[in-house]
Structure formats: structure tokens, C-alpha cells
Number of protein chains: 2
Amino acid sequence: MQTEEEFRDFILNGHLYYIPHVTIDCAIFGYHAQQLKLLLIKHRNIDNWSLPGGYIKRAEKLLDAANRNIKDRTGIDNLFLQQFKTFGDPDRIQFDKFDKKKWLEDTGLPSWEGNWLINQTISVGFYAITDFSKTRLQTDFITEACAWFDINNLPPLEYDHDEMVQEAMHTMRLHLYHYPIGLNMLPEKFTLSEIHALYETLLGKKLDVSNFPKKLLALRLLKKLDEKRSIGAHRSPHLYSFDKEMYALALKEGLVLS
Amino acid sequence: MQTEEEFRDFILNGHLYYIPHVTIDCAIFGYHAQQLKLLLIKHRNIDNWSLPGGYIKRAEKLLDAANRNIKDRTGIDNLFLQQFKTFGDPDRIQFDKFDKKKWLEDTGLPSWEGNWLINQTISVGFYAITDFSKTRLQTDFITEACAWFDINNLPPLEYDHDEMVQEAMHTMRLHLYHYPIGLNMLPEKFTLSEIHALYETLLGKKLDVSNFPKKLLALRLLKKLDEKRSIGAHRSPHLYSFDKEMYALALKEGLVLS
């Protein structure tokens, strides 16, 4: 959905082709050059920022719904998304503070008591990691801004999205020990320093400089190439690439990195 | 819910106090003496077994709904439950094979086209581990049996519950590397062999016999007690207990075991 017309139809008839009471929300992490960011959107007439998300179509898989919502709001397509948690506390959206009916009115959209959208929702959280330097963000009729924020400098978030971000970070960092979530964040050939920096940034902590690459090599996730990169006099570190076969297997079955 | 009367009211008026379209399902693992089992229930007039589960009340947290459902169906209270995944594929319940309206009729319950229960559902999966020797199972009007099955010898399961069990196992085993999920499965004082056997059984694989306890000790999760257990001539292994403070911290923040 992009236009005012599409949103009007969504409010009037959405219950026919969307599942009421269930939404998805997405924590999209962005990595580039040792910086970790989070993608946020700002709805019209709401002060706080929030995670991108939306409803699920009746004939749609959850993962497809998440991908469609992210693409609709941000232009990013086909991210590798992972579920992290589902949020369903009855007071997760504080309707005493956020009057959805009034918000629809303020935004010039149809609004009436009992509309299918004005309802308690349970939200399935997905996270993804992408290279933020490669994305082109876009807004729509109800989204006035869409931007990357430094993970250590987030603005106040709407609803229960602060908790969602904490849970997404926690799960992403736990998954880093078991799934090779690096392929899209590194050039095809990279140095051990580069992958070391990626993992340190995503985990938010220092890793043993000699032990860490050894572990990756022991798991046979990396292949040492017969190539070096020249980065100065007497400095030409070896290049590595992911072993695609082992990578695919580890992505499916998990591994133990520690 | 236990009685026919309660189930009749649930079908007639449940949409007023339950959230339509959303359920929870629970994979309850049971451990005792190096055996791993799974709790299954059998509904009247359905051949296959399934995981216990049910709907969520409108003013209820997801976790409380899961606990209430498990207690209703099995008598087990206050399990330490963890979410593992939410299942929402449109064809996860194959309504062409399972006619819910007919099932309600066969079971002597009210049934009509358009009833709130005859609907696509999205289900939030929870898992837990308990000591199966300490549970007392109970049935209700629609549940004719409730039993522990050896994890390696499960009967065919209804709906998408085979996939749920696989995902629950996968997450439980991944969590074992990060959370101390052992407190309720061991006596307060235990030998290294006992905790070693617990982890091997839950992980379904052999662990290095000398390395594994060293890691637990290095994480300061275990305390070596000034006590031994006599199990025969020349055999009196040291006893250990969990360090409750470290245990609580690890449960909250996670750790890296590997």
C-alpha cells in the first residue's frame, strides 16, 4: 500500500482479505563499516518513531507478509528474515494514550467505533540484517519518514517497540553463535579483520583476536584463498571467502560457534 | 475448561472473551533418568495425537494463556515456558482434510457455518522441560487421552504439529547452550555425571566427558560442595549444586556454553 486510496480501502474492506488481531513488526538491523543501525519509520501525526510492520493477508505466509510489509514501507526486498518473538500483552498498545480512531480522523482517513483496525493485536516479531549503505528508503501516504538510526542513539519508540528492539538484539546476538549471518555484509573476498569487526559490531563486544577466526576456520565455514590484499608496505593479509556449501548447511542446521 | 457445559459456552460465546484467529500450542518435554519424552493429547473423534494448546483470553498475556491451557489439559502448573516460533501458514490446518464443523457435530457440540472457531488460526509455540515422573495428567470433555511419548517414538501428529515439534526441539537445543535449563530436572545436589547425562539426553548427542563439566564450572554456574555421594567401593563422586545467583543471571541474560 502506498496511496491514500489504497489506505482508505484497507480501512473499509481490509477485514475481508487481512486477518484481524494479528500483525508483524520488523527490526531491520543495518551494518556497514563497523556501524550498527536500526531502521525506523515515522507515521504522520505520531511523535514517536516505530518499527515497520503491518497486517497479514488471509492467504499469506507470515514470512511473506513480513517481506511484503518491509518492501512496501522501505523498498527493501527479500531480506533474510528470522522470527524472534511474538508480543501479545493486552496493554502492549496503550489505547488510553494512543487513540487510533482519533488518529485516523486526524490523518483524513475513515474512522468509526468498531472498525476492524481498532482492536487488540498480537504481533509477530521478525529481525533481519542488511548492509545499510545499499538500501533506498521510501515513504508512503501514512509514513512521513523512514531512516536508519545508530543503535546506540535511538529515539523514543511508540507502543512496545523498545522492548521489541531489545528482544530482537538479544535473539540476533544469540543466533550469531549458531548461524552464519554474514554473507551479505561482507565483500565476496574478505580479510579476517573484516569478519572479526563485523562480529564484534553485531555482538557489541570485543572478541579474542586470534581465537575467533580459528573457530570459524575449524567449523569449515571459511575458505582461505590463495590471494592476498595489499594494504600498505609489509601489510598484505590473506583473503578468505565463505564455503557456500558449509554456509548453507550451517544456516539450515545451526552450529556451535562460541 | 473441563466440562461439556463449559465447552458449549466456549463455542457459543467464546468470541466475546477470547481473541479469534490466534492460539497457542505447547511442546512439553519431559526428562527423567536419561529419557526424553513429549506430552501429547488425543481429542475425541480424531485419530491423531496433538500438542496441548488453545485460545488466548482478551485480557491475558500470552505466557499466562499458555500456562492456563497446559494446566487445564494436563494439571501441570507454572512451567518455565519459552516461546520458540509462531506458525501462520494459511494451510497449516488442512480444512479440506479436517472438517471442524463436522467434528463439533460428531462430538455433540453446537456447530454452524461462520462460527468464530471455524477459522484460520495463527499459533504461538511455547516449549518447556519438566520432570515427567512428577506430573499427574488429566483429561477433559474433548480430550480422551493425555500421555508421555518417547521422543524417538512419536505417533503421527495432527495439523502442523510434526513441524512444531521439530522447531521446538531445535530451539530447545540451541537454548541449552545459552540458558541453564536444568534446575528442575536434577536433585538439589547432583554429580557431574548426572548433569552430563541430562545435557546429553536433551541435546541428543554425546558431549566430551571432561570438557563439558569444566565449561559449566568456568561459567560459575555450578558450585562444588564439600560433600561426596557414596555409590560403591572406591566410588564416591563429589556433589555439586547450582549457584542460584549466577543461574538467575544466566537465565535472564544468556551465556555462551558451547
Side-chain angles (χ1 to χ4, degrees), chain A residues 15 17-24 55-66 82-92 116 119-126 160 166-167 169-179 203 205 207-208 211 215 218-219 252-258, chain B residues 15 17-24 55-66 82-92 116 119-126 160 166-167 169-179 203 205 207-208 211 215 218-219 252-258:
Chain A
H15 59 289
Y17 37 89
Y18 289 87
I19 301 172
H21 295 289
V22 192
T23 57
I24 55 108
Y55 283 83
I56 301 150
K57 289 186 182 168
R58 286 186 184 256
E60 195 174 41
K61 296 185 177 192
L62 295 181
L63 195 64
D64 295 337
Q82 294 261 31
Q83 271 191 34
F84 63 93
K85 192 174 176 180
T86 293
F87 297 80
D89 281 0
D91 58 355
R92 53 178 292 269
W116 75 284
N119 246 327
Q120 185 182 346
T121 53
I122 286 169
S123 192
V124 184
F126 285 85
D160 57 350
Q166 291 311 311
E167 292 280 350
M169 286 278 281
H170 187 79
T171 304
M172 179 268 279
R173 286 175 171 171
L174 187 144
H175 280 178
L176 280 178
Y177 289 102
H178 299 275
Y179 303 102
L203 285 170
K205 68 177 186 187
L207 294 167
D208 189 290
N211 245 340
K215 284 180 187 167
L219 289 166
K252 194 164 156 271
E253 304 195 348
L255 45 82
V256 179
L257 183 66
S258 155
Chain B
H15 59 290
Y17 37 90
Y18 289 88
I19 301 171
H21 294 289
V22 192
T23 58
I24 54 106
Y55 284 83
I56 301 150
K57 288 186 183 168
R58 285 184 184 258
E60 196 174 40
K61 295 187 177 192
L62 295 182
L63 196 64
D64 295 336
Q82 292 262 32
Q83 272 190 34
F84 62 95
K85 193 176 175 179
T86 294
F87 297 80
D89 281 1
D91 58 355
R92 54 177 291 270
W116 75 284
N119 245 328
Q120 184 182 346
T121 53
I122 286 168
S123 192
V124 184
F126 285 86
D160 57 350
Q166 290 312 310
E167 292 280 349
M169 287 278 280
H170 186 79
T171 304
M172 180 267 278
R173 286 174 173 172
L174 187 144
H175 281 179
L176 279 178
Y177 288 101
H178 299 275
Y179 303 102
L203 286 170
K205 68 177 185 187
L207 294 167
D208 188 291
N211 244 341
K215 283 180 186 165
L219 290 165
K252 193 164 157 271
E253 303 195 347
L255 45 82
V256 180
L257 183 66
S258 155

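Values below: every heavy atom of this structure, side chains too, minus hydrogens, waters and symmetry copies. Sequence lines set the chain letters: A, B, ... in the order given, protein chains first and strands last, and positions in each chain run from 1.
Of the listed residues B/Val22, B/Val124, B/Ile19, the one with more heavy-atom pairs under 4.5 angstrom with chain A than any other is B/Ile19. Between chain B and the residues A/Leu63, A/Leu62, A/Thr86, the largest count of heavy-atom pairs under 4.5 Å involves A/Thr86. Considering only heavy-atom pairs separated by less than 4.5 Å from chain A, the leading option among B/Glu60, B/Arg173, B/His175 is B/Glu60.
Between A/Phe84 and A/His170, the ring centre distance reaches or exceeds 6.0 Å.
Proximity to chain B involves both the backbone and the side chain of A/Leu174, based on heavy atoms less than 4.5 angstrom apart.
In this structure, B/Pro90 and A/Lys61 have side chains that are in contact, with non-hydrogen atoms separated by less than 4.5 Å. Looking at B/Phe87 and B/Arg92, their side chains come closer than 4.5 Å, going by heavy atoms from C-beta outward.
The side-chain tip of A/Lys57 does not point at the ring of A/Tyr55 from less than 6.0 angstrom away and within 45° of straight on.
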